[in-house]
Amino acid sequence: MAKKHILIVPGDGIGQEVTEVGKKVLEKIAAKFGHDFTYDEALIGHVAIEATGDALPAETLEKMKASDAVLFGAVGHPKYDNDPSAKVRPEQGLLKMRKELGLYANLRPIKLFDELLSASSIKPEILKGADILFFRELTGDIYFGEKGRKNNGDTAYDVAEYSRYEVERIGRKAFEAARTRKKHLVSVDKANVLESSRLWREEIQKLALEYPDITVEYQFVDATAMLLIKDPKRFDVVVTANLFGDILTDEASQIAGSMGMLASASIGDGTGVYEPIHGSAHDITGKGLANPMASVLSAALLLDISFGMKAESEAVINAVDQVLKKGFRTGDIADETTDKSMILGTDAIGEEILKLI
């Protein structure tokens, strides 16, 4: 029996709905496999700003550091989207969390369940068999560089900056993962234009000497954006910088059929954070329409990566697979052939998953 403490951080919008399902899955796993999981909750994002004036309250950060893992929802609110003058914003909490917890590696598995081949806008024959693991550097680049305004506010700038150390540590994780898969790594940059990308490529080339068994391919980000849609099966492990990774992994959600199916793990040297890649989706908040499967699959990653519970993780993934095989869908992954009676809401499809664990 393992004793673990998990912090639930629902955040904003549908994050609050999908993490509730993710937590129930963890509770079911603990009961089935004889583990002792304890839970606490904390605020982040818009709800934290409303309650405390801070997007990441000190209490939340303390709870995160004291936990064995964090199951995270989403941050964001429409009131900030068209107000560039807002001094405190939900996303600041997310960035601060990554920095304070040292979450430098974001892992995003892009794997298509066969039952969802028709849910994507990409042709099934192109998609079938695609299985990609993205490593996105998470605490450097333009999001964390110097930024500001000058010339009386008429000019704005954001500095993209990387150190060799930052590239080396994310690169090493990607190389190690490639060793356990197909031994093929694609490093994505823009080295023909950006100095930070040239340093990135230099460091990956240096690392490659330590991994002679790994085939390394270097691609410019614009080529990768095209090839992900044209031929996704050519990719296995991909490593890239923060900004490029943010965009490419959202694009790759089309491979999985919906953002509602994609989980992610943000890890470093301490507490790991596990979250769906979708946003807060306030247009469907409170309607019971959100797809909770990305949160459920994030719980599976949590069990695997932070707790080393491979069998428990597989039990969750298999339950999701079986639910899809039975024909159950949420609205975002249904198509014109889906029986309307099989299109379920957030809680209902969560219950179907729980039945199969």
Side-chain angles (χ1 to χ4, degrees), residues 6-33 35 37-47 69-78 113 115-116 119 253 256-264 273-303 312-335 337-357:
I6 302 167
L7 183 66
I8 310 295
V9 185
D12 302 322
I14 63 169
Q16 300 178 20
E17 300 166 45
V18 299
T19 50
E20 183 62 30
V21 178
K23 181 183 177 183
K24 287 179 181 178
V25 165
L26 289 169
E27 290 171 337
K28 182 71 179 285
I29 285 292
K32 180 181 173 77
F33 287 86
H35 300 306
F37 292 169
T38 57
Y39 307 89
D40 197 359
E41 287 203 11
L43 300 175
I44 196 170
H46 169 69
V47 292
V70 176
L71 184 66
F72 190 88
V75 297
H77 193 279
F113 290 92
E115 289 71 30
L116 297 183
S253 69
S258 168
M259 280 192 181
M261 295 302 300
L262 290 184
S264 77
V273 176
Y274 301 84
E275 62 180 303
I277 79 161
H278 61 67
S280 52
H282 283 269
D283 56 323
I284 59 169
T285 296
K287 297 179 181 179
L289 300 175
N291 183 346
M293 283 185 267
S295 185
V296 170
L297 294 169
S298 294
L301 282 177
L302 182 157
L303 292 166
E312 290 87 334
S313 178
E314 282 300 317
V316 175
I317 296 168
N318 289 337
V320 171
D321 189 32
Q322 290 304 310
V323 162
L324 295 172
K325 280 183 165 63
K326 285 175 175 283
F328 292 112
R329 301 287 188 271
T330 46
D332 59 310
I333 54 173
D335 60 28
T337 67
T338 306
D339 187 322
K340 295 293 188 290
S341 67
M342 302 298 279
I343 302 176
L344 305 181
T346 310
D347 293 337
I349 204 158
E351 288 302 316
E352 295 298 330
I353 294 169
L354 290 170
K355 289 176 188 176
L356 292 166
I357 292 177

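We're numbering straight along the sequence, starting at 1.
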Asks: Quick one: does Thr338's side chain have a donor or acceptor within less than 3.5 Å of a partner on Asp335's backbone?
Replies: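 Yes; at least one donor-acceptor contact below 3.5 Å.
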Asks: Please report the interatomic distance OG(Ser295) to CD(Glu275), rounded to the nearest 0.5 Å.
Replies: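 Answer for the OG-CD pair, Ser295 versus Glu275, is 10.0 Å.
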Asks: I need the Ile14 CD1 to Thr285 OG1 distance, nearest 0.5 Å.
Replies: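 OG1 of Thr285 is found 6.5 Å from CD1 of Ile14.
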Asks: Hey, could you give me the CE/NE2 distance between Met261 and His278, rounded to the nearest 0.5 Å?
Replies: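 Those atoms lie 10.5 Å apart.
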Asks: Report the residues that fulfil side chain to side chain contact (heavy atoms under 4.5 Å, CB included) with Ala74, sequence neighbours left out, ordered by chain and then residue number.
Replies: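 In terms of side chain to side chain contact (heavy atoms under 4.5 Å, CB included), with neighbours along the sequence ignored, Ala74 is linked to Ser280.
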Asks: Got a sec, which residues hit side chain to side chain contact (heavy atoms under 4.5 Å, CB included) with Asp339, two or more places apart in sequence or on another chain?
Replies: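 Asp339 satisfies side chain to side chain contact (heavy atoms under 4.5 Å, CB included) with Ser341, Met342 once adjacent residues are dropped.
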Asks: For Phe37, enumerate each residue passing the ring-ring contact (aromatic ring centres under 6.0 Å, His included) test, keeping only those at least two apart in sequence or located in another chain.
Replies: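 Expected list: His35, Phe307.
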Asks: One thing to verify: whether Lys355 and Glu352 come together as a salt bridge, which I'm taking to mean a side-chain N less than 4.0 angstrom from a carboxylate O.
Replies: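 Looking at Glu352 and Lys355, the cut-off is met.
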Asks: Is any side-chain heavy atom of Ile349 closer than 4.5 Å to a side-chain heavy atom of Met293?
Replies: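 Yes, side chains in contact.
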Asks: Counting C-beta onward and ignoring hydrogens, is there a side-chain heavy-atom pair between Ser298 and Leu71 closer than 4.5 Å?
Replies: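 A side-chain contact under 4.5 Å exists here.
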Asks: Do Val70 and Tyr274 have side chains that approach each other closer than 4.5 Å (heavy atoms only, starting at C-beta)?
Replies: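 SC-SC contact between Val70 and Tyr274 ruled out.
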Asks: First locate atom CG of Leu26, then atom CD1 of Ile8, and finally report the distance between them rounded to the nearest 0.5 Å.
Replies: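 Output value for this atom pair is 6.0 Å.
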Asks: Side-chain contact, heavy-atom cut-off 4.5 Å: Glu351 with Lys24?
Replies: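 They are in side-chain contact.
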Asks: With sequence neighbours left out, what residues match Val47 under side chain to side chain contact (heavy atoms under 4.5 Å, CB included)?
Replies: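 Val47 satisfies side chain to side chain contact (heavy atoms under 4.5 Å, CB included) with Asp12, Gln16, Leu43 only.
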Asks: Please give me the minimum heavy-atom distance between Glu41 and Pro10, naming the atom from each residue.
Replies: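 For Glu41 and Pro10, the tightest heavy-atom pair comes out as OE1-CG, 3.9 Å.
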Asks: Which distance, rounded to the nearest 0.5 Å, do you find between the CG of Leu301 and the CG of Leu303?
Replies: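 Reported to 0.5 Å precision, the distance equals 9.0 Å.
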Asks: Which pair of heavy atoms, one from Ala319 and one from Ile353, lies closest together, and at what distance?
Replies: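 Residues Ala319 and Ile353, closest heavy atoms: CB-O, 3.7 Å.
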Asks: Of all the heavy-atom pairs spanning Leu297 and Ala263, show the shortest one and how long it is.
Replies: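 Leu297 and Ala263 have their closest heavy atoms at C-CB, 3.6 Å.
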Asks: Side-chain contact, heavy-atom cut-off 4.5 Å: Leu7 with Phe72?
Replies: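 Contact flag for Leu7/Phe72 side chains = no.
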Asks: Using a 3.5 Å distance criterion without hydrogens, assess whether the side chain of Glu17 forms a donor-acceptor pair with backbone atoms of Thr346.
Replies: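 The answer is no, because no donor-acceptor pair under 3.5 Å joins these two groups.
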Asks: For the residue pair Val18 and Pro276, what are the closest heavy atoms and their distance?
Replies: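 Taking Val18 first and Pro276 second, the nearest heavy atoms are CG2-CG, 4.5 Å.
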Asks: Can you list everything that forms a ring-ring contact (aromatic ring centres under 6.0 Å, His included) with His46? Sequence neighbours excluded, please.
Replies: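 Partners of His46 by the ring-ring contact (aromatic ring centres under 6.0 Å, His included) criterion, ordered by chain and then number, come out as His77, Tyr80.
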Asks: For Ile6 and Thr38, what are the C-alpha separation, side-chain angles and deciding distance, and is it a side-chain contact (heavy atoms from CB on, under 4.5 Å)?
Replies: CA-CA 6 Å; Ile6 302 167; Thr38 57; over 6 Å; no
Asks: Any chance you could measure Leu354, atom CG, to Glu27, atom CD, to the nearest 0.5 Å?
Replies: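 Atom-to-atom, Leu354:CG and Glu27:CD are 9.0 Å apart.
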Asks: Which pairs, with at least one residue in residues 314-330 and sequence neighbours excluded, count as a side-chain hydrogen bond (donor to acceptor under 3.5 Å, both in side chains)?
Replies: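 Listed by first then second residue: Glu115-Lys325, Asn291-Thr330, Asp321-Lys325, Thr330-Asp332.
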Asks: Would you name the heavy atoms of Ile317 and Phe113 that are closest together and state the gap between them?
Replies: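 So the two residues come closest at O-CE2, 4.3 Å.
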Asks: Is there a donor-acceptor pair closer than 3.5 Å between any side-chain N or O of Ser264 and the backbone N or O of Ile277?
Replies: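 Checking the backbone N and O of Ile277 against the side chain of Ser264, no donor-acceptor pair under 3.5 Å is found.
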